[in-house]
Amino acid sequence: MNVRAPKGTADMLPPVARAWEYMTRTAQELFARYGYEPVYTPLFEHTDVFVRSIGEATDIVSKEMYTFEDRGGRSITLRPEGTASVVRAAIEHNMVPTGSSAKIYYSGPMFRYERPQKGRMRQFWQIGLEALGMPEPSVDAEVIAVLMEFYERIGIPRENMRLLVNSMGDAFCRPPYRDKIADYIRDHADSLCEECVRRAASNPLRAFDCKNPGCREVMSTAPLLRDELCPECEEHYGAVKSYLDALGIAYEEDPSLVRGLDYYTRTVFEVQADAGLGSQNAIGGGGRYDRLMEEFGGPATPGLGFALGFERTLLALEAAGVEIPSHPIAEVYVARVDSSVALRAFEIAASLRSAGIASELDHQARSLKSQFKQADRLGARLTVIVGPEELTVGEATVRDMLTKSETRVAIDALPAHVMEMLGA
RNA sequence: GUGGGUGUAGCUCAGUUGGUUAGAGCGUCGGACUGUGGCUCCGAAGGUCGCGGGUUCGAGUCCCGUUACCCACCCCA
């Protein structure tokens, strides 16, 4: 029996799981304030959903998907990202009738078959949101604002992050530019790595991402999409930046920002953290996908969204020294002097819990001293001492763990009395 | 898929040029204080030294293989 979790997966033990819930809670409250509603889609889809949306030539589709055949002979894939499923669901349920819009968010695990490293897991968690049906540039700025506000709220200092933005053009200006880059790559084939030359055919823009010094050199003088945008895209991009300026959100333009999903049009953005992460330093990112729903066979509906990674965000939080808020495990500890009063102690703890007070007690007949140690460790503010002596007159002793003062209280009045002490 | 690093107690790690019974700190449990926590002191429990083979009188230590994890490349959250 192999008792290890599969490669690239991790059990989330209480400290991490608490952080997960904290991030989820923060996102839910924030997203609701911007009018987003939750959606849960399946963790797996027909393989086609991802191939057609993310793109055949992307790394995700060509080598990172968890794909298998189910017992009915269908090709099924564990979702590698969230947008494709959301868009599929939006079409299936006609969530965005012509002329209307929808704002939705999701969270949960995603799956990609890769070699794990710092900030990269085979099962990793994301929260994301999608704004469907709205082509206006103010929506781009609003979505970016939500993302930045999320990080601010959970406590990552702004100076630890960089917001990168770029425009990928649209169906009119990108194809000619793609051809231009493909030509450029072919013209310089002898000074580029073979990977980049191969990309000329499938995904030429990706050559901008290559870390090879020779390729960087060549690509640094390549024509930039920024200079080839059609007037409409140029105007849209300019407006997005104006709205960001109006919100006081600082950003850097990065003309080489080319994200690894084919469906993006116009605005793309990425947030990088400079502390706590290894080389996987993108903690969140997203972009606009105005053609995606149409390509899926749905109505022509523009869309835009982002996703942020739990694991990487937690690394950035730890680097910033952020304390994850938590509640004490027990407000009240019920200690018993000896086993003759075990039953009464059990009843008292139950009555406190019924009154809504988080209470803990020892089930293992440990010494009174170790029960106090336990009370201390759990962060209990009060300890109720149940002993034969007090019981003869129907009372118990309540000890304030901070002031060390003790009072005798009638057992019947205990829940009310304890609540009063905790409230004070 | 490629490369590098590391596997010794629940956790973090020592362990000399190979040498007898493998250690420390933290944590856990007990005691000092026979009905009272955080500090201190004392004690106890807890280990197939990742696994398999080889060299050797003798391997935690050296060699080979294997496996797991970590980090990096590629790409991304």
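Protein chains get the first letters and strands the later ones, always in sequence-line order, with residue 1 at the start of each.
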Inset, instruction - Specify the separation, in whole Å, of atom CD of E81(A) and atom P of C75(B). - result: 18 Å
Inset, instruction - Could you give the distance separating C63(B) and U48(B) at their C1' atoms, to the nearest angstrom? - result: 22 Å
Legend entry - Nearest-angstrom distance, C1' atom, C11(B) to U17(B): 32 Å
Legend entry - For atom CD of Q371(A) and atom C1' of U28(B), their distance in whole Å: 16 Å
Legend entry - Whole-Å P distance, U61(B) and A22(B): 15 Å
Legend entry - K241(A) to Y237(A), cation-pi by 6.0 Å centre distance and 45° axis angle: yes
Inset, instruction - Return yes if some donor-acceptor pair links the side-chain N/O of Y177(A) with the main-chain N/O of M168(A) below 3.5 Å, else return no. - result: no
Inset, instruction - Determine the Euclidean distance between corresponding C1' atoms of U8(B) and C73(B); express it in Å to zero decimal places. - result: 31 Å
Legend entry - Any donor-acceptor N/O pair under 3.5 Å between C74(B) base and E64(A) side chain: no
Legend entry - Heavy-atom donor-acceptor pair, S359(A) side chain to I357(A) backbone, under 3.5 Å: yes
Legend entry - Pair R88(A) + E45(A): basic N to acidic O under 4.0 Å: yes
Inset, instruction - Figure out the CD/P separation between Q117(A) and G3(B), and round it to whole Å. - result: 16 Å
Legend entry - The single option from T397(A), T383(A), V398(A) passing side-chain contact (heavy atoms from CB on, under 4.5 Å) against E406(A): T397(A)
Legend entry - Protein-nucleotide distance (D11(A), atom CG; C11(B), atom P), rounded to Å: 14 Å
Legend entry - Residue whose closest nucleotide on RNA chain B lies nearer the 5' end, R115(A) versus Q126(A): R115(A)
Legend entry - 5'-most by nearest nucleotide on RNA chain B - G278(A) or G284(A): G278(A)
Legend entry - Dot-bracket encoding per residue of RNA chain B, Watson-Crick/G-U cut-off under 3.5 Å, | denoting interstrand: (((((((..((((.....[...)))).(((((.......))))).....(((((..]....))))))))))))....
Inset, instruction - Nearest whole angstrom, please: distance from the P of A77(B) to the CZ of F124(A). - result: 8 Å
Inset, instruction - Specify the separation, in whole Å, of atom NZ of K118(A) and atom P of A77(B). - result: 19 Å
Legend entry - Pair of N/O donor and acceptor under 3.5 Å linking C75(B) base with R120(A) side chain: yes
Inset, instruction - Between U67(B) and A45(B), how far apart are the C1' atoms? Round to whole Å, please. - result: 31 Å
Inset, instruction - Evaluate the ring planes of F310(A) and W20(A), with Trp represented by its six-membered ring, and classify them as parallel (under 30°), tilted (30 to 60°) or perpendicular (over 60°). - result: tilted
Inset, instruction - Say whether, by atom type as modelled, one donor and one acceptor occur between the side chain of E81(A) and the main chain of A84(A) under 3.5 angstrom. - result: yes
Legend entry - Lys/Arg-Asp/Glu bridge criterion (N-O < 4.0 Å) met for R288(A), D140(A): yes
Inset, instruction - Determine yes or no for a side-chain-to-main-chain donor-acceptor pair under 3.5 angstrom, with D11(A) supplying the side chain and L13(A) the backbone. - result: no
Legend entry - Any donor-acceptor pair under 3.5 Å from Q371(A) side chain to R336(A) backbone: yes
Inset, instruction - Could you tell me whether M110(A) contacts a base, only the sugar-phosphate backbone, or nothing, with contacts defined as non-hydrogen atoms closer than 4.0 Å? - result: nothing
Legend entry - Spacing between R4(A) atom CZ and G7(B) atom C1', to the nearest angstrom: 9 Å
Inset, instruction - Go along nucleotides 29-38 of chain B 5' to 3' and tag each nucleotide: B for a protein heavy atom under 4.0 Å from its base, S when only backbone or sugar atoms are that close, - otherwise. - result: SSS-B-BBBB
Inset, instruction - Respond yes when some side-chain nitrogen or oxygen of K7(A) is under 4.0 Å from OP1 or OP2 of C69(B), and no when none is. - result: yes
Legend entry - F310(A) ring over A77(B) six-membered base ring, under 5.5 Å and 30°: no
Inset, instruction - Using the C1' atom on both, measure G30(B) against G15(B) and round to a whole Å. - result: 30 Å
Inset, instruction - Between C71(B), C74(B), C73(B), spot the one nearest the side chain of S279(A), thanks. - result: C73(B)
Legend entry - Separation between the P atoms of C62(B) and U16(B), rounded to whole Å: 9 Å
Inset, instruction - Quick one: label G119(A) by what it contacts on the DNA or RNA (base, sugar-phosphate, nothing), any heavy atom closer than 4.0 Å. - result: base
Inset, instruction - State whether Y113(A) and R122(A) meet the cation-pi test: NZ (Lys) or CZ (Arg) under 6.0 Å from the six-membered ring centroid, and within 45° of the perpendicular axis. - result: yes
Inset, instruction - Look at the side chain of Q280(A) and the base of C75(B), then say whether one donor and one acceptor between them are separated by less than 3.5 Å. - result: yes
Inset, instruction - For G53(B) versus A59(B), give the span between their C1' atoms, rounded off to a whole number of Å. - result: 13 Å
Inset, instruction - Send over the distance from F150(A) CZ to A77(B) P, rounded to a whole Å. - result: 16 Å
